[in-house]
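Here the structure comes first, spelled out in C-alpha coordinates, and everything after it is commentary.
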Amino acid sequence: MSKAHTVWVSRPLFPEVLATLAQYVEVRVESKESKRAPEQLRAKLARVDGAIVGLGDRIDAGVLAGNRCLRVIANLGVGYNNLDLPALTAAGILATNTPDVLTQTTADYAWALLLAAARRVSSAERWLRAGRWRGGMRFDDWLGVDVHGKTLGILGMGRIGQAVARRGAGFDMKVIYHNRSRLPDAVERECRASWVEKRQLLARADHLVLVLPYSAHSHHAIGAPELLHMKPTAVLVNIARGGIVDDAALAAALREGRLAAAGLDVFEGEPAVNPALRELDQVVLSPHIASASADTRRAMAQLAADNVLAALGHGPNAGHPPSLLNPEARGGRAAET
Ligand code: DGY
(Lines give C-alpha, C1' and ligand atoms only; values in the text may rest on other atoms or scores of the structure.)
Protein backbone atom coordinates (compact mmCIF):
# COMPACT_ATOMS: atom_id res chain seq x y z
CA MET A 1 0.00 0.00 0.00
CA SER A 2 1.47 3.35 -0.89
CA LYS A 3 2.08 5.70 2.01
CA ALA A 4 1.17 9.36 2.25
CA HIS A 5 4.63 10.61 3.25
CA THR A 6 8.19 9.99 2.12
CA VAL A 7 11.25 10.31 4.32
CA TRP A 8 14.83 10.50 3.05
CA VAL A 9 17.56 9.08 5.30
CA SER A 10 20.93 10.50 4.32
CA ARG A 11 23.05 7.64 5.66
CA PRO A 12 22.71 3.93 6.40
CA LEU A 13 20.87 3.37 9.68
CA PHE A 14 20.01 0.46 11.95
CA PRO A 15 17.52 -1.85 10.16
CA GLU A 16 15.21 -1.99 13.15
CA VAL A 17 14.94 1.81 13.17
CA LEU A 18 14.25 1.89 9.44
CA ALA A 19 11.59 -0.75 10.03
CA THR A 20 9.85 1.56 12.54
CA LEU A 21 9.83 4.32 9.95
CA ALA A 22 8.61 1.99 7.23
CA GLN A 23 5.50 1.13 9.25
CA TYR A 24 4.21 4.64 8.54
CA VAL A 25 6.12 6.25 5.69
CA GLU A 26 7.90 5.49 2.43
CA VAL A 27 11.62 5.34 3.29
CA ARG A 28 14.42 6.29 0.88
CA VAL A 29 17.67 5.40 2.57
CA GLU A 30 21.17 5.96 1.23
CA SER A 31 23.23 2.79 1.19
CA LYS A 32 26.57 4.47 1.86
CA GLU A 33 28.04 7.46 3.66
CA SER A 34 28.85 10.35 1.40
CA LYS A 35 29.53 14.04 1.56
CA ARG A 36 26.97 15.79 -0.64
CA ALA A 37 27.29 19.13 -2.36
CA PRO A 38 24.46 21.63 -1.74
CA GLU A 39 22.88 20.95 -5.13
CA GLN A 40 22.84 17.20 -4.41
CA LEU A 41 21.19 17.82 -1.06
CA ARG A 42 18.67 20.13 -2.72
CA ALA A 43 17.78 17.36 -5.18
CA LYS A 44 17.48 14.72 -2.43
CA LEU A 45 15.16 16.96 -0.40
CA ALA A 46 13.06 18.19 -3.33
CA ARG A 47 10.24 15.69 -3.17
CA VAL A 48 10.26 14.31 0.37
CA ASP A 49 8.19 15.24 3.42
CA GLY A 50 10.87 14.58 5.99
CA ALA A 51 14.56 13.81 6.24
CA ILE A 52 16.98 12.34 8.75
CA VAL A 53 20.36 13.94 8.21
CA GLY A 54 23.83 13.70 9.71
CA LEU A 55 26.21 16.38 10.92
CA GLY A 56 27.93 16.42 7.52
CA ASP A 57 24.72 17.50 5.79
CA ARG A 58 24.58 21.29 5.79
CA ILE A 59 20.95 22.38 5.48
CA ASP A 60 20.74 26.09 4.75
CA ALA A 61 18.63 28.58 2.84
CA GLY A 62 20.35 27.67 -0.44
CA VAL A 63 19.57 23.98 -0.03
CA LEU A 64 15.97 24.78 0.89
CA ALA A 65 15.42 27.26 -1.95
CA GLY A 66 12.38 26.31 -4.00
CA ASN A 67 11.53 23.36 -1.76
CA ARG A 68 7.78 23.05 -1.31
CA CYS A 69 7.36 19.61 0.31
CA LEU A 70 9.74 19.32 3.22
CA ARG A 71 8.12 19.54 6.65
CA VAL A 72 10.77 18.23 9.01
CA ILE A 73 14.53 17.78 9.27
CA ALA A 74 15.69 15.43 12.02
CA ASN A 75 19.34 15.81 12.88
CA LEU A 76 21.28 12.77 14.06
CA GLY A 77 23.14 14.51 16.85
CA VAL A 78 22.58 16.84 19.75
CA GLY A 79 24.70 19.56 18.15
CA TYR A 80 22.98 21.13 15.15
CA ASN A 81 25.37 23.73 13.80
CA ASN A 82 24.92 22.02 10.41
CA LEU A 83 21.33 23.32 10.36
CA ASP A 84 20.48 26.90 9.55
CA LEU A 85 17.69 27.06 12.11
CA PRO A 86 16.40 30.54 11.16
CA ALA A 87 16.18 29.45 7.51
CA LEU A 88 14.26 26.30 8.46
CA THR A 89 11.95 28.25 10.72
CA ALA A 90 11.34 30.91 8.08
CA ALA A 91 10.36 28.14 5.67
CA GLY A 92 7.99 26.63 8.27
CA ILE A 93 10.06 23.45 8.46
CA LEU A 94 10.43 21.76 11.86
CA ALA A 95 13.91 20.84 13.05
CA THR A 96 14.82 18.30 15.73
CA ASN A 97 17.98 16.91 17.35
CA THR A 98 18.89 14.01 19.66
CA PRO A 99 19.56 15.35 23.17
CA ASP A 100 19.67 13.33 26.41
CA VAL A 101 20.07 9.87 24.91
CA LEU A 102 23.78 10.50 24.30
CA THR A 103 24.66 12.49 27.42
CA GLN A 104 26.22 9.73 29.51
CA THR A 105 27.99 7.97 26.64
CA THR A 106 29.54 11.22 25.44
CA ALA A 107 30.64 12.10 28.98
CA ASP A 108 32.23 8.64 29.30
CA TYR A 109 34.16 9.30 26.12
CA ALA A 110 35.45 12.66 27.36
CA TRP A 111 36.98 10.70 30.22
CA ALA A 112 38.37 8.06 27.88
CA LEU A 113 40.21 10.80 25.96
CA LEU A 114 41.26 12.61 29.13
CA LEU A 115 42.75 9.48 30.69
CA ALA A 116 44.33 8.31 27.45
CA ALA A 117 45.95 11.68 26.78
CA ALA A 118 47.08 12.22 30.38
CA ARG A 119 48.55 8.73 30.74
CA ARG A 120 49.92 8.45 27.19
CA VAL A 121 47.92 5.35 26.36
CA SER A 122 47.91 5.78 22.57
CA SER A 123 51.57 6.61 22.17
CA ALA A 124 52.61 3.76 24.48
CA GLU A 125 50.51 1.36 22.46
CA ARG A 126 51.96 2.61 19.16
CA TRP A 127 55.46 2.08 20.59
CA LEU A 128 54.65 -1.43 21.81
CA ARG A 129 52.96 -2.45 18.55
CA ALA A 130 55.98 -1.22 16.64
CA GLY A 131 57.97 -3.93 18.46
CA ARG A 132 60.07 -1.43 20.36
CA TRP A 133 59.59 -2.98 23.82
CA ARG A 134 62.60 -5.22 23.65
CA GLY A 135 65.03 -4.79 26.48
CA GLY A 136 64.78 -2.75 29.59
CA MET A 137 62.72 0.37 29.85
CA ARG A 138 63.87 3.38 31.81
CA PHE A 139 62.09 3.97 35.10
CA ASP A 140 61.41 7.52 34.02
CA ASP A 141 60.01 6.61 30.59
CA TRP A 142 56.34 7.13 29.79
CA LEU A 143 55.73 9.62 32.54
CA GLY A 144 52.22 10.98 32.24
CA VAL A 145 50.16 13.51 34.12
CA ASP A 146 48.10 12.45 37.13
CA VAL A 147 44.34 12.75 36.99
CA HIS A 148 43.18 11.91 40.52
CA GLY A 149 43.22 14.78 42.97
CA LYS A 150 43.77 17.40 40.24
CA THR A 151 41.56 20.24 39.06
CA LEU A 152 39.09 19.44 36.32
CA GLY A 153 37.96 22.42 34.26
CA ILE A 154 34.88 22.33 32.06
CA LEU A 155 34.04 24.94 29.45
CA GLY A 156 30.33 24.63 28.62
CA MET A 157 28.18 23.25 31.39
CA GLY A 158 25.07 21.90 29.70
CA ARG A 159 23.86 18.35 30.16
CA ILE A 160 27.06 16.71 28.90
CA GLY A 161 29.32 19.12 30.79
CA GLN A 162 27.45 18.32 33.99
CA ALA A 163 27.79 14.58 33.34
CA VAL A 164 31.55 15.03 32.83
CA ALA A 165 31.70 17.03 36.07
CA ARG A 166 29.84 14.39 38.12
CA ARG A 167 32.41 11.78 37.12
CA GLY A 168 35.15 13.99 38.59
CA ALA A 169 34.14 12.99 42.10
CA GLY A 170 35.29 9.43 41.41
CA PHE A 171 38.79 10.79 40.84
CA ASP A 172 38.73 13.07 43.91
CA MET A 173 39.00 16.08 41.65
CA LYS A 174 38.19 19.68 42.31
CA VAL A 175 35.77 20.73 39.56
CA ILE A 176 35.54 24.26 38.16
CA TYR A 177 33.54 25.39 35.16
CA HIS A 178 32.77 28.36 33.01
CA ASN A 179 29.48 28.88 31.24
CA ARG A 180 27.77 32.04 30.04
CA SER A 181 25.18 31.56 32.74
CA ARG A 182 25.94 30.18 36.15
CA LEU A 183 24.09 26.98 37.13
CA PRO A 184 21.58 27.02 40.01
CA ASP A 185 23.22 26.31 43.39
CA ALA A 186 21.55 22.92 43.69
CA VAL A 187 23.00 21.78 40.35
CA GLU A 188 26.44 23.13 41.25
CA ARG A 189 26.29 21.20 44.52
CA GLU A 190 25.19 18.03 42.81
CA CYS A 191 28.04 18.34 40.27
CA ARG A 192 30.41 19.51 43.03
CA ALA A 193 31.45 22.25 40.63
CA SER A 194 32.17 25.95 41.09
CA TRP A 195 31.73 28.66 38.46
CA VAL A 196 34.83 30.72 37.61
CA GLU A 197 35.69 33.34 35.01
CA LYS A 198 37.02 31.88 31.77
CA ARG A 199 40.49 33.26 32.44
CA GLN A 200 40.53 31.54 35.85
CA LEU A 201 39.35 28.32 34.29
CA LEU A 202 42.20 28.36 31.81
CA ALA A 203 44.79 29.20 34.44
CA ARG A 204 43.66 26.73 37.09
CA ALA A 205 42.56 23.62 35.19
CA ASP A 206 44.93 20.66 35.12
CA HIS A 207 42.55 19.00 32.69
CA LEU A 208 40.25 21.14 30.57
CA VAL A 209 37.27 19.56 28.81
CA LEU A 210 35.40 21.49 26.12
CA VAL A 211 31.69 20.74 25.90
CA LEU A 212 30.17 23.90 24.44
CA PRO A 213 28.06 24.15 21.29
CA TYR A 214 29.64 25.59 18.18
CA SER A 215 28.49 29.05 17.09
CA ALA A 216 30.04 32.24 15.79
CA HIS A 217 30.46 33.14 19.47
CA SER A 218 32.39 29.95 20.37
CA HIS A 219 34.56 29.92 17.22
CA HIS A 220 38.17 29.62 18.41
CA ALA A 221 37.09 29.90 22.04
CA ILE A 222 40.44 28.20 22.60
CA GLY A 223 43.00 29.94 20.42
CA ALA A 224 46.54 31.19 20.82
CA PRO A 225 45.69 33.81 23.53
CA GLU A 226 43.71 31.31 25.62
CA LEU A 227 46.40 28.64 25.33
CA LEU A 228 48.91 31.12 26.76
CA HIS A 229 46.91 31.18 29.99
CA MET A 230 46.96 27.40 30.44
CA LYS A 231 49.46 25.44 32.52
CA PRO A 232 52.25 23.77 30.54
CA THR A 233 51.33 20.57 32.37
CA ALA A 234 47.66 20.78 31.37
CA VAL A 235 45.69 18.37 29.19
CA LEU A 236 43.02 19.67 26.79
CA VAL A 237 40.07 17.53 25.68
CA ASN A 238 37.69 18.55 22.88
CA ILE A 239 34.54 16.47 22.44
CA ALA A 240 32.44 19.46 21.34
CA ARG A 241 33.02 20.64 17.79
CA GLY A 242 35.86 21.40 15.49
CA GLY A 243 36.33 25.14 15.18
CA ILE A 244 35.98 25.70 18.92
CA VAL A 245 39.72 25.11 19.11
CA ASP A 246 42.18 26.79 16.76
CA ASP A 247 43.90 23.54 15.78
CA ALA A 248 47.00 25.25 14.39
CA ALA A 249 47.48 27.23 17.61
CA LEU A 250 46.96 24.07 19.65
CA ALA A 251 49.55 22.16 17.64
CA ALA A 252 52.04 25.01 18.16
CA ALA A 253 51.40 25.06 21.94
CA LEU A 254 51.92 21.30 22.20
CA ARG A 255 55.03 21.36 20.01
CA GLU A 256 56.57 24.15 22.06
CA GLY A 257 55.81 22.42 25.38
CA ARG A 258 53.25 25.03 26.45
CA LEU A 259 50.66 22.29 26.98
CA ALA A 260 51.27 18.67 27.97
CA ALA A 261 48.76 16.71 25.90
CA ALA A 262 45.41 16.76 24.13
CA GLY A 263 42.58 14.36 23.44
CA LEU A 264 40.59 15.38 20.37
CA ASP A 265 37.45 13.85 18.91
CA VAL A 266 36.55 16.78 16.66
CA PHE A 267 38.53 18.93 14.25
CA GLU A 268 38.33 22.09 12.21
CA GLY A 269 37.30 21.01 8.71
CA GLU A 270 36.88 17.33 9.67
CA PRO A 271 37.26 14.72 8.28
CA ALA A 272 40.50 16.52 7.41
CA VAL A 273 42.83 16.72 10.42
CA ASN A 274 45.52 19.36 10.64
CA PRO A 275 48.77 17.53 9.72
CA ALA A 276 50.56 19.37 12.54
CA LEU A 277 48.33 17.56 15.05
CA ARG A 278 48.87 14.17 13.42
CA GLU A 279 52.61 14.53 13.87
CA LEU A 280 52.43 15.02 17.62
CA ASP A 281 52.74 11.93 19.76
CA GLN A 282 51.15 13.56 22.79
CA VAL A 283 47.78 13.94 21.03
CA VAL A 284 45.10 11.27 21.12
CA LEU A 285 42.99 11.56 17.97
CA SER A 286 39.62 9.96 17.24
CA PRO A 287 37.14 10.40 14.39
CA HIS A 288 34.18 12.12 16.10
CA ILE A 289 32.95 9.04 17.93
CA ALA A 290 32.09 10.36 21.40
CA SER A 291 28.48 9.18 21.12
CA ALA A 292 29.35 5.95 19.36
CA SER A 293 28.31 3.14 21.67
CA ALA A 294 25.97 0.53 20.21
CA ASP A 295 23.14 1.40 22.59
CA THR A 296 23.47 5.15 22.21
CA ARG A 297 23.79 5.31 18.44
CA ARG A 298 20.71 3.08 18.21
CA ALA A 299 18.86 5.36 20.64
CA MET A 300 19.87 8.45 18.66
CA ALA A 301 18.64 6.90 15.42
CA GLN A 302 15.37 5.86 17.06
CA LEU A 303 14.86 9.35 18.50
CA ALA A 304 15.47 10.91 15.07
CA ALA A 305 12.91 8.50 13.57
CA ASP A 306 10.41 9.26 16.35
CA ASN A 307 10.88 12.97 15.71
CA VAL A 308 10.24 12.67 11.97
CA LEU A 309 7.21 10.47 12.43
CA ALA A 310 5.72 12.72 15.09
CA ALA A 311 6.25 15.83 12.96
CA LEU A 312 4.45 14.14 10.08
CA GLY A 313 1.58 13.14 12.35
CA HIS A 314 2.39 9.45 12.82
CA GLY A 315 3.08 7.12 15.73
CA PRO A 316 2.64 7.49 19.48
CA ASN A 317 3.91 11.11 19.59
CA ALA A 318 1.90 12.26 16.57
CA GLY A 319 2.04 16.05 16.34
CA HIS A 320 4.57 16.37 19.18
CA PRO A 321 8.14 15.67 18.10
CA PRO A 322 10.02 14.78 21.32
CA SER A 323 12.98 17.08 20.67
CA LEU A 324 11.75 19.99 18.63
CA LEU A 325 14.27 22.82 18.18
CA ASN A 326 12.02 25.42 16.58
CA PRO A 327 8.50 25.31 18.04
CA GLU A 328 7.94 28.70 16.41
CA ALA A 329 7.86 26.88 13.05
CA ARG A 330 4.75 25.00 14.16
CA GLY A 331 1.77 26.08 12.18
CA GLY A 332 3.99 26.10 9.10
CA ARG A 333 4.06 23.15 6.77
CA ALA A 334 3.86 20.44 9.47
CA ALA A 335 0.42 21.73 10.45
CA GLU A 336 -0.87 20.66 7.06
CA THR A 337 -0.40 16.95 7.90
C1 DGY B 1 26.46 15.29 18.54
O2 DGY B 1 25.47 14.64 18.84
O3 DGY B 1 26.43 16.50 18.36
C4 DGY B 1 27.71 14.52 18.39
O5 DGY B 1 28.76 15.31 18.04
C6 DGY B 1 27.47 13.42 17.37
O7 DGY B 1 28.14 12.30 17.71
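Quick note: numbers below take in every heavy atom, side chains included, and nothing from hydrogens, waters or symmetry partners. When a ligand or atom number is given, it counts from 1 through the structure's own listing order. Along the sequence shown, residues carry numbers from 1.
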**OP:** Examine the proximity of ligand 1 to N97 and report which part, side chain or backbone, both or neither, has a heavy atom under 4.0 Å away.
**Re:** neither
**OP:** For residues T103 and R159, report the shortest heavy-atom separation together with the two atoms involved.
**Re:** CG2-O, 3.5 Å
Original post:
So, do L264 and V283 sit near enough that their side-chain heavy atoms are less than 4.5 Å apart?
Top reply: yes
**OP:** Could you find the nearest protein heavy atom to atom 6 (C) of ligand 1 and give me its residue, atom name and distance?
**Re:** L55 CD1, 3.6 Å
Subject >> atom 1 (C) of ligand 1 [closest protein heavy-atom partner, distance rounded to 0.1 Å] >> reply: V78 N, 3.4 Å
Original post:
Which atoms of ligand 1 are found less than 4.0 Å from any heavy atom of L102?
Top reply: 2 (O)
**OP:** Number the atoms of ligand 1 from 1 as they appear, then name those within less than 4.0 Å of a heavy atom of S291, with their elements.
**Re:** 6 (C), 7 (O)
**OP:** Check whether any N or O atom of L76, backbone or side chain, sits under 3.5 Å from an N or O atom of ligand 1, and answer yes or no.
**Re:** no
Original post:
If you count the atoms of ligand 1 from 1 in the order shown, which ones are under 4.0 Å from a heavy atom of R241?
Top reply: 1 (C), 3 (O), 4 (C), 5 (O)
Original post:
Does a donor on one side chain sit under 3.5 Å from an acceptor on the other, for N75 and T96?
Top reply: no
Original post:
Tell me, which protein residue and heavy-atom name are nearest atom 4 (C) of ligand 1, and how many Å apart are they?
Top reply: H288 NE2, 3.7 Å
Original post:
If you count the atoms of ligand 1 from 1 in the order shown, which ones are under 4.0 Å from a heavy atom of G79?
Top reply: 1 (C), 2 (O), 3 (O)
**OP:** To the nearest 0.5 angstrom, please state how far the CG atom of L312 sits from the NZ atom of K3.
**Re:** 13.0 Å
Original post:
Are any of the side-chain nitrogens in E188 or R182 under 4.0 Å away from the carboxylate oxygens of its partner?
Top reply: yes
**OP:** Number the atoms of ligand 1 from 1 as they appear, then name those within less than 4.0 Å of a heavy atom of R297, with their elements.
**Re:** 7 (O)
Original post:
What residue pairs, at least two apart or across chains, pass side-chain hydrogen bond (donor to acceptor under 3.5 Å, both in side chains) with a residue in residues 261-270?
Top reply: H220-E268, D265-S286, E270-H288
Original post:
Contact between I289 and ligand 1, counting heavy atoms under 4.0 Å?
Top reply: no
**OP:** Of all the heavy-atom pairs spanning L155 and L208, show the shortest one and how long it is.
**Re:** N-CD1, 4.3 Å
**OP:** Determine, for R126 against D281, whether the closest basic-nitrogen to carboxylate-oxygen distance falls under 4.0 angstrom.
**Re:** yes
